[in-house]
Amino acid sequence: MRFLKVMRNIRGSFWYLPALYSIAAFILALITIRFDFIITSNQDFSKFVPDFLLADESLSQTLLSSISTALLTMTTITFSSILVVLTTFLSNFSPRTLQNFITDHSTQRVLGIFVGGFVYTVILLLLLRETDTKSLFLAPSFAIFVTFICLTVFIFFVHHTSKWIQVGVLISTISTGTKKIIEEKLKNKEIEQSGLEETNLVSIEDQEPLKLSAQLPGYINSIDKDTIKEIAERYDGVVRIEKNHGDFVNSDSLLFSVWNANSNEIIHELYNCISIEPNRAPYQNIEFGLTKLVEIALRAISPAVNDPNTAVNCIEQIGSLLSELGKKQLPKPMEFDKCGNLRLISEQWIFSDYLYFCFYQIRHYGNEDISIIRVILKALILIAEGNDSDIKQSVWEFSSYILEGIELKKMLSLDRRYLNDVILQLANTCERQHEFKTI
């Protein structure tokens, strides 16, 4: 668990790829010097090298010094551009969206190539030495080739940054990434088996569990449920996870309840399956992706920004994601081993929880904007289309909550007319025509 945590932190850090490129550039510089020595010191090989590719020590040092200075300047400009984008994300979108640009591999590769190019030219400048048998060098030609690569990458970075600073591109990137997580982590709905959960739960509800509290205060940044289930199966016990990812706990907060497993070893193993940190770390899951879209929408409808079209875009993407989520089998609160024995109990969201989580703040802050209310209802129509009757029922019940917050006395007649049209369309989609009432 700790190793996976360290590896995840390293892969998610901003310096990961630049550090790898710097190491590769250092090794490449050593190889270049060795190759240069072999080619230019052997007359059988050197005769195949054009004269314009060779340079003496003075010219080589001048070229390498100029190239290293230029690459360092380009690296500085790249850092400045990154800071501009981060400031824009922080002020206009959401603090949670910073990670999208920082962890973007294209951004890290560009910075890595610049840093690697600088390391490459500096190492060449350091290792170039004139000897009795060698006065011309081929290495500066390789450095010039690396410079051309860096220039090409710099042009790409300018284009890449101009795209990333557009809110539409950011929203699309977040939506695409969240949809990928949904496809990877959740399976399509299947026929559910009932009765198994209740039968196994009765066998432990009369027993006093072993209660494990948190050892330190902080945020729960990761829970390895697969390992916890394997531990419970190995000790022939049942474990209930009392907290969820992202919850804040103190030293007295209950983390686990354990039945039928009295060994002290299980306590140590369970603590190793949960990570508690002073700060809440961004974790790539479905809820985190939806949170970023919600926060962008909230910033957009705030009086300071007043950009309802961006909010509409976010709500439409949220509707698309929830539509995909409705087709998937959400995690069960109870998990069993191959023999059908209950092993793990944890609190899991149902579909109505996702509906409330995504729209309750947007409804509160956008209830006076008829365009926001209409697009929320249209998003509910999108969710209901193509999903089963259970999802349609949840959507229809949630629409009543959305409409409760509307001040009908302040609504103009034309707004009321168009809103009724959308509500009727939603009722038809959810197969609740008989429950439709005009507002």
Side-chain angles (χ1 to χ4, degrees), residues 175 178-179 182-183 186-192 194 286-287 289-291 293-294 297-298 301 308 311-333 347-439:
S175 178
T178 307
K179 184 177 180 180
I182 293 175
E183 295 292 337
L186 300 179
K187 299 179 180 179
N188 292 328
K189 284 186 175 179
E190 299 176 353
I191 299 177
E192 300 182 9
S194 60
I286 300 172
E287 292 81 5
L290 293 172
T291 298
L293 292 175
V294 170
L298 292 175
I301 62 178
V312 168
N313 190 2
C314 289
I315 294 171
E316 290 172 343
Q317 294 291 350
I318 291 173
S320 177
L321 292 174
L322 291 181
S323 177
E324 293 296 325
L325 193 63
K327 299 180 177 65
K328 302 297 181 179
Q329 180 66 57
L330 297 179
K332 298 289 186 180
E347 183 180 353
Q348 299 291 347
W349 284 16
I350 59 177
F351 189 76
S352 58
D353 295 329
Y354 282 101
L355 284 174
Y356 181 78
F357 172 77
C358 290
F359 292 118
Y360 80 99
Q361 287 180 306
I362 299 176
R363 184 214 60 80
H364 174 73
Y365 292 102
N367 65 333
E368 295 183 358
D369 191 335
I370 190 64
S371 65
I372 299 300
I373 299 299
R374 287 186 75 249
V375 77
I376 291 177
L377 295 176
K378 284 183 174 293
L380 294 180
I381 294 173
L382 180 66
I383 296 169
E385 290 175 342
N387 277 300
D388 56 29
S389 57
D390 292 337
I391 300 298
K392 291 179 179 179
Q393 180 178 354
S394 299
V395 168
W396 180 249
E397 293 174 353
F398 185 76
S399 67
S400 300
Y401 163 75
I402 297 296
L403 297 175
E404 284 176 4
I406 301 177
E407 297 185 20
L408 299 178
K409 295 181 180 180
K410 295 183 179 181
M411 185 176 295
L412 301 180
S413 59
L414 197 57
D415 292 338
R416 192 190 302 267
R417 170 188 166 186
Y418 280 105
L419 194 60
N420 279 321
D421 291 341
V422 178
I423 298 173
L424 177 59
Q425 186 180 354
L426 177 62
N428 293 330
T429 305
C430 296
E431 301 174 357
R432 295 294 191 276
Q433 299 90 333
H434 59 283
E435 299 181 18
F436 169 72
K437 295 180 181 180
T438 58
I439 60 173

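Side chains are part of it too, since the values below use all heavy atoms of this structure and drop only hydrogens, waters and symmetry mates.
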So does [Y] get a backbone contact from the side chain of [X], meaning a donor-acceptor N/O pair under 3.5 Å?
X: Asp353; Y: Ile350; answer: yes
X: Thr291; Y: Glu287; answer: yes
X: Asn387; Y: Lys327; answer: yes

Measuring from atom [atom1] of [X] to atom [atom2] of [Y], what distance do you get when rounded to the nearest 0.5 angstrom?
X: His364; Y: Glu368; atom1: NE2; atom2: CD; result: 10.0 Å
X: Phe436; Y: Trp396; atom1: CZ; atom2: CH2; result: 7.5 Å
X: Ser413; Y: Asp415; atom1: OG; atom2: CG; result: 8.0 Å
X: Ile372; Y: Cys314; atom1: CD1; atom2: SG; result: 9.5 Å
X: Ser320; Y: Leu325; atom1: OG; atom2: CG; result: 11.0 Å
X: Leu293; Y: Ile362; atom1: CG; atom2: CD1; result: 8.5 Å

Can you check whether [X] reaches [Y] side chain to side chain, under 4.5 Å on heavy atoms?
X: Leu377; Y: Leu403; answer: yes
X: Leu419; Y: Ile406; answer: yes
X: Ser399; Y: Ile376; answer: no
X: Phe359; Y: Ile318; answer: yes
X: Ile383; Y: Leu355; answer: yes
X: Lys392; Y: Arg432; answer: no
X: Glu316; Y: Lys378; answer: no
X: Leu321; Y: Ile286; answer: no

* Asked: side chain to side chain contact (heavy atoms under 4.5 Å, CB included) between Val422 and Ile373: does it pass, once the steps are laid out?
  -> CA-CA 10 Å; Val422 178; Ile373 299 299; over 6 Å; no
More than 12 heavy atoms of other groups within 6.0 Å of [X] [atom1]:
X: Lys328; atom1: NZ; result: yes
X: Tyr365; atom1: OH; result: no
X: Gln348; atom1: CD; result: yes

* Is the Trp349 ring parallel, tilted or perpendicular to the Tyr354 ring (thresholds 30°, 60°)? -> perpendicular
* In terms of the angle between their ring planes, are Tyr356 and Tyr401 parallel, tilted or perpendicular, with boundaries placed at 30° and 60°? -> tilted
Heavy-atom pair with the smallest gap, counting every atom of [X] and [Y]:
X: Ser323; Y: Leu382; answer: OG-O, 3.5 Å
X: Asn420; Y: Thr438; answer: OD1-CA, 3.5 Å
X: Leu290; Y: Cys358; answer: CD1-SG, 3.7 Å
X: Cys430; Y: Ala384; answer: SG-CB, 3.8 Å
X: Pro331; Y: Leu186; answer: CD-CD2, 3.8 Å
X: Phe351; Y: Val395; answer: CE2-CG2, 4.4 Å

* **Residues that Ser175 engages under side-chain hydrogen bond (donor to acceptor under 3.5 Å, both in side chains), provided they are two or more places apart** =>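 With neighbours one apart ignored, the set is Gln317.
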